[in-house]
Amino acid sequence: MSGAQQHKTLKGMQDILPPDTFLWQSIEETSRRIFSSFGFQEIRLPVLESTSVFTRSIGEQTDIVEKEMYTFTDKGNRSVSLRPEGTAPVVRSYVENSLHNLPAPQKFYYSGPMFRYERPQSGRFRQFYQIGVEAFADPHPRMDAEVIVMLERFLAGTGLKDISFQINSIGCEQCRPGFRDALLSFFSGKKENLCPDCIRRYDRNPLRILDCKVSRCVDARSGAPRTADHLCGDCGTHFGKLQELLAMLKVSFTVNPEMVRGLDYYTRTTFEVTSQALGSQNAVAAGGRYDRLVKEFGGPDTPAIGFAIGMERLVGVLKQTASLSWPVPAAFIAALGEAAGDEALRIAGRLRDQGLWVEVGDSGSSLKSQLRRADRLSARYVFVLGDEELRSGLLRWKKLADASQGSLNRDDIEAFLAGIC
Ligand code: HAM
């Protein structure tokens, strides 16, 4: 067709197609299985929220709010944003639906697309998917440990190897002022080395300088004060206990005192799971405690902790490092002629009722071309149904993996496959 317009996905957005979608589904199933065993329940929230849900909670001076949100005015003249992350919407929902009235602790998981207008590169997209969890109303470091162990079990369950956590504590309202002062005096003589955003951040939110991706800011912060050196007594005890529990639970971790995370709502524990296989964009999952956020959203004073996994990054590492196998049809029924085609459809229906993946050949095409298709699909068993089989009630079968073959009574096909698929 001449002059037809070819449409393309937007920059930073991608289609997720088979066979990758098999891997996505298996990761999602693993998450449901593991998270439910820890008592987490699913919630599904809108993709679009009032912009104010994100601005204060994530922080006005963060990269996400300053540069990356898909924000627009809707037809009712409201400022709305595509969610750049899931925590703030979950807290919005927690307060709006009074979920604090449920028995404590309240534990939720969610999954879906998030949107950040970032410069696309390997492992960084403008639409990406997260699976996340949030646990409310338990201030004890045991909850931090439980959430981290759950993440580890989940990642191991997907086939990810050599999982290691980086953890840090960024303190609370008590320790923040002292840390802020230390940062201000450290950067006071270096202000001119910072990017324009960080010069603004210096006065309003100097902690954010520690997270800036601009290379001159990365250089300028070498030797900067570390949050862990400015913890108050309670935060120090909390962090110490968490490390004790993780060691007891045999979770591999290192303390990274430079990790501050790119969102303002965190208090105390922060953590990331990285993978060497991912290069510079190497956090597969990340999270932390946010003990003030529910109150800031107008709810009761409720501590909380959670994490989110970046699906594209997890899928990327698994494709590089894990031995993956894709599902294949259990049976391919090659049918020769009209009557055999109808019978094949009936047999396929019976097998599909057993939950098996069954393909039926095109009865109008040659046996050779039907077998070629079975081969391309890597079907486990091929059954051949022609005039002779229709008369005899038998079916010829062939196992593609080792070319073994035989015949069986048509009525026995469910039992035959039940024993081997
Ligand atoms: P985050 O570190 O901004 O945290 O994102 C979590 C994960 O999402 C990252 O570790 C990464 O795997 C993935 N991710 C982030 N941005 C992109 C992108 N542009 N392209 C691909 N993957 C990306 C949060 O979002 C917090 N809400 C996590 C949390 C939950 N904290 C407490 N509860």
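Residue numbers start at 1 and run along the sequence shown. Just so you know, ligand 1 is whichever comes first in the structure, and atom 1 is the first atom listed for that ligand.
Ligand 1 has Y265 within reach: a non-hydrogen atom of the residue lies less than 4.0 Å from it. Taking a 4.0 Å cut-off on heavy atoms, P84 fails to register as neighbouring ligand 1. Heavy atoms of R261 approach ligand 1 to within less than 4.0 angstrom. The closest approach between any non-hydrogen atom of G288 and ligand 1 is below 4.0 Å. Ligand 1 has L263 within reach: a non-hydrogen atom of the residue lies less than 4.0 Å from it.
On a distance-only criterion, F307 and ligand 1 share at least one N/O pair closer than 3.5 Å. Where the criterion is an N or O separation shorter than 3.5 Å, residue side chain and backbone included, G86 fails it with respect to ligand 1. Residue Y110 places no N or O, backbone or side chain, under 3.5 Å from any N or O of ligand 1. Inclusion of V284 in the set of residues having an N or O under 3.5 Å from an N or O of ligand 1 is warranted. Below 3.5 Å of separation, one finds no N or O of R124 facing any N or O of ligand 1. Taking only nitrogen or oxygen atoms, main chain and side chain alike, E312 does not reach within less than 3.5 Å of ligand 1.
Here the two rings, on F35 and Y109, have centers that are under 6.0 Å apart.
With 3.5 Å as the limit, one finds no donor-acceptor pair spanning the side chains of T73 and N77. The closest side-chain donor-acceptor pair between Y129 and Q127 falls under 3.5 angstrom.
Shown in contact with E134 at under 4.0 Å from a heavy atom are these atoms of ligand 1, numbered in order with element: 30 (C), 32 (C), 33 (N).
Panel note: side chain Q370, backbone A335; a donor-acceptor pair is recorded below 3.5 Å. For the pair D402 (side chain) and S404 (backbone), a donor-acceptor distance under 3.5 Å is present.
Salt-bridge check for R56 with D264: failed, with every basic side-chain N at 4.0 Å or more from each acidic carboxylate O.
Heavy atoms of Q130 found under 4.0 angstrom from ligand 1 belong exclusively to the side chain.
With F297 as the aromatic partner, K295 does not meet the cation-pi criteria of under 6.0 angstrom to the ring centre and within 45 degrees of the ring axis.
The salt bridge (charged side-chain N to carboxylate O under 4.0 Å, His left out) with D63 is formed by just one residue from the set R201, R261, R124; it is R201.
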